[in-house]
Amino acid sequence: EVQLVESGGGLVQAGGSLKLSCAASGFTFDDYAMGWFRLAPGKEREGVAVIDTDGTKLYRDSLKGRFTISRDNAKNTVILQMNSLKPEDTTVYYCVAVKHSEFVGYRWESPFEYDYWGRGTQVTVSS
């Protein structure tokens with residue numbers, strides 16, 4: 001059974017940091033591009049960042065410089081380090097996965113590109 005389990009969400013003051021983790025199981029982690037999405041204000045899912053199997057990283061333009069994605073293949077984990085958090089970053093964050101062979105970089109921000117989704121973790125940034 002495939003599982004993506006997010007952790008690390010919570011309440012933080014504006015300007016603070018949070019580190020989200022996603023523990024993956026049930027598939028060959030090394031073969032999958034891993035990423036993070038979040039719910040936008042209109043409840044659409046928007047791409048935050050993705051990291052491919054070779055370490056290539058893609059970020060939402062508006063988040064570059066504040067968010068960093070990384071992966072630990074030995075631990076089947078993907079990390080999202082979020083710094084300088086703003087109240088508008090408040091929402092649910094989801095871990096996602098897609099097989100590398102199916103991953104199309106220029107479509108990375110489409111939620112339909114991903115095979116697996118976690119249940120999400122809430123991030124709340126107070127002003």
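The figures here come from the full heavy-atom set of this structure, side chains too, leaving out hydrogens, waters and symmetry mates. Residue indices begin at 1 and follow the sequence shown.
- With sequence neighbours excluded, the residues satisfying side chain to side chain donor-acceptor pair (under 3.5 Å) with Lys64 are Asp61.
- Contact detail for Ser21 and Thr77: the closest heavy-atom pair is CB-CG2, 4.4 Å.
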Which side-chain N or O atoms in residues 5-20 pair as donor and acceptor under 3.5 Å with protein atoms at least two apart or in another chain?
{"unit_1": "Glu6", "atom_1": "OE1", "unit_2": "Arg119", "atom_2": "N", "d": "3.2"}
{"unit_1": "Glu6", "atom_1": "OE1", "unit_2": "Gly120", "atom_2": "N", "d": "2.9"}
{"unit_1": "Glu6", "atom_1": "OE2", "unit_2": "Cys95", "atom_2": "N", "d": "2.8"}
{"unit_1": "Glu6", "atom_1": "OE2", "unit_2": "Gly120", "atom_2": "N", "d": "3.1"}
{"unit_1": "Ser17", "atom_1": "OG", "unit_2": "Asn83", "atom_2": "OD1", "d": "2.9"}

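- In this structure Tyr93 satisfies the ring-ring contact (aromatic ring centres under 6.0 Å, His included) test with no other residue, sequence neighbours excluded.
- In terms of hydrophobic clustering, with Ile, Leu, Val, Met, Phe, Trp and Tyr side chains grouped at heavy-atom distances under 4.5 Å, Val2 and Val98 are assigned to different clusters.
- For the pair Arg107 (side chain) and Phe112 (backbone), a donor-acceptor distance under 3.5 Å is absent.
- Listed here is the closest heavy atom pair of Phe37 and Trp108: CZ-O, 3.6 Å.
- Between the CG atom in Asp30 and the NE2 atom in His100 there is a gap of 12.0 Å [rounded to 0.5 Å].
- Heavy atoms only, all atoms of each residue included: Phe27 and Ala97 are closest at CZ-CB, 4.1 Å.
- Between Asp89 and Leu63, the closest side-chain pair of non-hydrogen atoms falls below 4.5 Å.
- With rounding to the nearest 0.5 angstrom, the CD atom of Glu46 is 13.0 Å from the OG atom of Ser110.
- In this structure, OG in Ser70 is found 11.5 Å from CE in Met34, a value given to the nearest 0.5 Å.
- The minimum heavy-atom distance between Tyr59 and Ala49, with the atom names listed, is CD2-CB, 3.6 Å.
- At a threshold of 4.5 Å between non-hydrogen side-chain atoms, the residues Glu109 and Leu58 do not count as touching.
- The distance from the OG1 atom of Thr53 to the CZ atom of Phe29 is 10.5 Å, given to the nearest 0.5 Å.
- Contact of the Arg38 side chain with the Leu80 side chain is not registered, since no non-hydrogen atoms from C-beta on lie closer than 4.5 Å.
- Ring pair Tyr114/Phe103 is tilted by interplanar angle, where 30° to 60° counts as tilted.
- Using modelled atom types, one side-chain atom of Thr91 and one backbone atom of Leu39 make a donor-acceptor pair closer than 3.5 Å.
- Residues Arg66 and Leu85 come closest through the heavy atom pair NH1-CA, 3.8 Å.
- Side-chain heavy atoms closer than 4.5 Å link hydrophobic residues (I, L, V, M, F, W, Y) into clusters, and following such links, possibly through other members, connects Val50 to Trp117.
- Checking side-chain atoms of Asp52 against main-chain N and O of Asp54 turns up no donor-acceptor pair under 3.5 Å.
- Using a 4.5 Å cut-off on side-chain heavy atoms (C-beta onward), Val125 and Val123 make contact.
- Under a hydrophobic-cluster definition in which Ile, Leu, Val, Met, Phe, Trp and Tyr are linked whenever side-chain heavy atoms come within less than 4.5 Å, directly or via other members, Met82 and Val48 are assigned to the same cluster.
- Trp36 places none of its side-chain heavy atoms less than 4.5 Å from the side chain of Phe67.
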